[in-house]
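Since we're looking at a predicted model, the values are computed, not measured. The chains referred to below are lettered A, B, ... by the order of the sequence lines, with proteins before strands, and numbering in each begins at 1.
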There are 2 protein chains.
Amino acid sequence: MSTDLPHTPGPPTLEDVARVAGVSRATVSRVINGIRNVAPEIQEAVHRAIAQTGYVPNRAARSLVTRRTGSVALVVSGAGDAKGGEPFETRVFADPFFGRVAGGVVGYLRPRGIHPVLMLADSAQTRDDVVSFLRQGSADGALVVSTHGEDPLPKLLVDAGLPAVLWARPARPIPISYVDLAHRAGAALAADHLVARGCRRVATISGPFDVPAAQDRLSGFQEAMARHGHPYVPAVEGDFMPASGEAGMHRLMKEHPDIDGVFVANDLMAQGALLALRDLGLRVPEDVAVIGFDDSPAVACRPPLTTVRQPMEDMAAEMARLLLAHIADPNFEVTSVIVQPTLVVRESA
Amino acid sequence: MSTDLPHTPGPPTLEDVARVAGVSRATVSRVINGIRNVAPEIQEAVHRAIAQTGYVPNRAARSLVTRRTGSVALVVSGAGDAKGGEPFETRVFADPFFGRVAGGVVGYLRPRGIHPVLMLADSAQTRDDVVSFLRQGSADGALVVSTHGEDPLPKLLVDAGLPAVLWARPARPIPISYVDLAHRAGAALAADHLVARGCRRVATISGPFDVPAAQDRLSGFQEAMARHGHPYVPAVEGDFMPASGEAGMHRLMKEHPDIDGVFVANDLMAQGALLALRDLGLRVPEDVAVIGFDDSPAVACRPPLTTVRQPMEDMAAEMARLLLAHIADPNFEVTSVIVQPTLVVRESA
DNA sequence: CCGGCATCGGAGAGCGCTCTCCACCCCGTG
DNA sequence: CACGGGGTGGAGAGCGCTCTCCGATGCCGG
């Protein structure tokens, strides 16, 4: 029960541990970082000293010399001035999409001891903040989820030479790694299924036209239907929120009362569409079959939704994997990973 | 168009800026931090030099001396080994509750230039990680959201003398600041409303009994009903997820077919309950009135849900405010803030 | 028995910043 | 005209860590 605690005030430092262990700072550093060989008995002594002093390495000091922080920025980038009302942060986090991406990222990063820093970029100012944040070495790289295609942030990051990986292909090609879904293939899956179950008059509720993924789902669906001999597919535009799905469905049924199948560009809108159909006294799938997109676990529908599954968690983990690769090796080649969707058949179609 | 860029390699440092501006490091530092008076023309020169060199202060170096990082940990703490299936990160982020808290935290912190680091603590190991993370100065404090009452993390934080603020009162009293809702008052609001609209046979679907908030909502409801002359209120336990609300409602109606009003401990379960009622061919609110809890914007119900509003965003912002106060002043007194809920009347009751 | 080569611990120089002194200058005052 | 004091800039000492040298030691072959 000796009292050889550090004589210095404040938290114990390497120096303190070294003194207690009777070795030099360098040696303690070596055993902590497992670099080079250190005699077993000395390692032992050092570990005892660490336990005794309750030492924890200071991250600022370490990253000052290693130029690594062990954290990455997880940034959600979009336009704050969009359709008014809710502030950006509220809209972002209310979207189950973000939650799934965050979950996937955390799932991959956590076992590796690295933590994501949450950032929102919805204006020129905040985009610059993100770039500064990385430049000042607060994070080693960025995972960027853009809510619309023309986001300027990716280019800023590339120009600054900062490691970054995107969710989804950027609207205009820039040399940056990204992970995306084969949206057209997913939409085709839906078209095939609708046709196979005998639908003769199908329509679609698409996402916002300025979102590339929405475009791809729409055109992919139209093309697939064309291949099945349906060159014209009624379409209305939604905004990925339930209310727009409900409104869109109402409009579709009003303009084309004979519709017997609908492909909705995401599950949230599909949920709204189901509500609308119910209001209209139409049975699903008997009268109208409905297929959603994403396979959001949070979306509970009646009847259970048939949907195109987007493995967001896996995709997010893949983003994290790519980012770490870029950080570890600055010359790591720009890579794009395209993930294949699958159709999950439940009851709505 | 001079080329007096820094002669040194790598990103520009204070030294470089000082050289370009023709002043000392100390002066540049003073200008940047706005500390003490600096002659206007020198300030001007420094700003020009900063712009010219593209200087960004190095955060590691700064926090090495200031012992401040400008970031806080946002930790979600719970039990990973709970009802199997989904990993913890998936469950956490799928819950709209988390999103709203995160939104509120970010909304408050962002204008202040500080960013939250996302952490999950679902085991002894990961709890220690959180403590280490703070001890090694990676963040200045922690905002802790526990998913169950007996979470050991708050005590670990207190024992380590780390600044932290909790979401919700801890199960056993410990000297730590927290922000909570007046759950009992909220439940009473629901009881009063149900009674006022003429319900004579009311029941409740509660949250998990090991969550203090769920207990409070349940007992608060029971007590309020007792005051209205209904000493016995049928209750079933749910887990805050839609499926359990659906199952609970079915059980309730089976055991007490005459029920005409239900208080459901959160909106997600209320959504499930509505589904169940619809399956049973019961009209809401004519046959059975339903009141939820939380007022989650993400929950779209048919009919629109009457619910007890919990201003989560404001509460989260308040947590952040308290944490910053604790960080700024280590002697800041432990404080608990209790927020009053309100009843939002829509159509379901 | 000695030289050469691994092996392994220590010394010390920074990493980029803040902040305490200290020196200096320019007032006003006696 | 000397002196004190407020205001301003510079010098320099760290903050706690990593990592490159270097030197000491032990072991091998010649």
Side-chain angles (χ1 to χ4, degrees), chain A residues 6-47 49-50 53-70 132-138 140, chain B residues 6-47 49-50 53-70 132-138 140:
Chain A
H7 322 77
T8 57
T13 70
L14 251 203
E15 189 71 51
D16 297 320
V17 177
R19 195 179 323 109
V20 171
V23 297
S24 74
R25 276 206 320 280
T27 301
V28 178
S29 175
R30 280 195 275 258
V31 346
I32 289 176
N33 299 300
I35 228 66
R36 258 185 46 176
N37 270 355
V38 174
E41 65 274 19
I42 292 198
Q43 285 197 38
E44 178 62 16
V46 169
H47 281 129
I50 290 177
T53 54
Y55 172 74
V56 178
N58 178 303
R59 195 137 84 111
R62 176 178 286 178
S63 68
L64 180 57
V65 23
T66 60
R67 316 191 141 271
R68 278 290 153 67
T69 67
S132 289
F133 190 78
L134 293 168
R135 291 223 307 142
Q136 69 189 5
S138 298
D140 301 331
Chain B
H7 321 79
T8 56
T13 70
L14 250 204
E15 189 71 52
D16 297 320
V17 177
R19 197 181 318 111
V20 172
V23 297
S24 74
R25 273 207 321 280
T27 301
V28 178
S29 176
R30 281 195 272 257
V31 171
I32 291 176
N33 298 301
I35 226 67
R36 257 187 45 174
N37 268 357
V38 174
E41 65 272 19
I42 292 198
Q43 284 196 38
E44 178 63 15
V46 169
H47 281 129
I50 289 176
T53 53
Y55 171 75
V56 178
N58 179 302
R59 209 159 46 138
R62 176 176 287 179
S63 67
L64 180 56
V65 26
T66 60
R67 310 182 150 274
R68 277 290 152 68
T69 67
S132 289
F133 189 78
L134 293 168
R135 291 223 308 141
Q136 71 189 3
S138 298
D140 300 330

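Counting to the nearest Å, the P atom of D:dT8 and the CD atom of B:Glu41 are 10 Å from each other. In this structure, CZ of A:Arg68 is placed 24 Å from P of D:dG16, rounded to the nearest angstrom. Summarising the geometry, the separation between CZ on A:Arg135 and C1' on C:dG16 is reported as 15 Å, rounded to the nearest angstrom. At whole-Å resolution of the value, CD1 in A:Ile32 and P in D:dC19 are 12 Å apart. The CG-C1' distance, from B:Asn33 to C:dT20, rounds to 15 Å in whole Å. At whole-Å resolution of the value, CD in A:Gln136 and C1' in C:dC17 are 13 Å apart. A straight line from CG of B:Asn58 to C1' of C:dC17 spans 8 Å, rounded to a whole angstrom. Atom CZ in A:Arg62 sits roughly 20 Å away from atom C1' in C:dC17 (whole-Å rounding).
Qualifying side chain to side chain contact (heavy atoms under 4.5 Å, CB included) partners for B:Ser132, counting only residues two or more places apart in sequence or in other chains: none. With sequence neighbours excluded, the residues forming a ring-ring contact (aromatic ring centres under 6.0 Å, His included) with A:Phe133 are B:His115, listed by chain and number.
The two residues A:Val46 and A:Val17 make their nearest non-hydrogen contact at O-CG1, 4.3 Å. Contact record, A:Val38 with A:Ile42: CG1-CG2, 3.8 Å, taken as the closest heavy-atom pair. Contact between B:Ala49 and B:Val20 at its shortest, heavy atoms only, is CB-CG1, 3.7 Å. Across all their heavy atoms, A:Gly70 and A:Asp140 have their closest contact at N-OD2, 2.9 Å. Scanning both residues, B:Thr13 and B:Tyr55, for their nearest heavy atoms gives C-CE1, 3.4 Å.
Distance check, rounded to the nearest 0.5 Å: CZ of A:Arg62 to CZ of A:Arg68 gives 13.0 Å. Here B:Ser138 contributes atom OG and A:Asn58 contributes atom CG; the two are 8.0 Å apart, rounded to the nearest 0.5 Å.
When the side-chain nitrogen and oxygen atoms of B:Ser29 are compared with OP1 and OP2 of C:dT18, one or more of them lie within a distance under 4.0 Å.
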Nucleotide N/O of nucleotides 13-15 of chain D paired with protein N/O under 3.5 Å:
residue, atom, partner, partner atom, Å
D:dA13, N6, B:Arg25, NH2, 3.0
D:dC15, O3', B:Arg67, NH2, 2.6

Letter by letter from the 5' end, nucleotides 4-9 of chain C scores (B base, S sugar-phosphate only, - none; protein heavy atoms under 4.0 Å) ----BB
N/O donor-acceptor pairs under 3.5 Å from side chains in residues 21-32 of chain A, not counting sequence neighbours:
residue, atom, partner, partner atom, Å
A:Ser24, OG, A:Ala26, N, 3.4
A:Ser24, OG, A:Thr27, N, 3.4
A:Ser24, OG, A:Thr27, OG1, 3.3
A:Arg25, NH1, A:Glu15, OE1, 3.2
A:Ser29, OG, A:Asn33, ND2, 3.3

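Between its opening and closing five pairs, the helix from C:dC1-D:dG30 to C:dG30-D:dC1 changes axis direction by 50°, a value rounded to 10 degrees.
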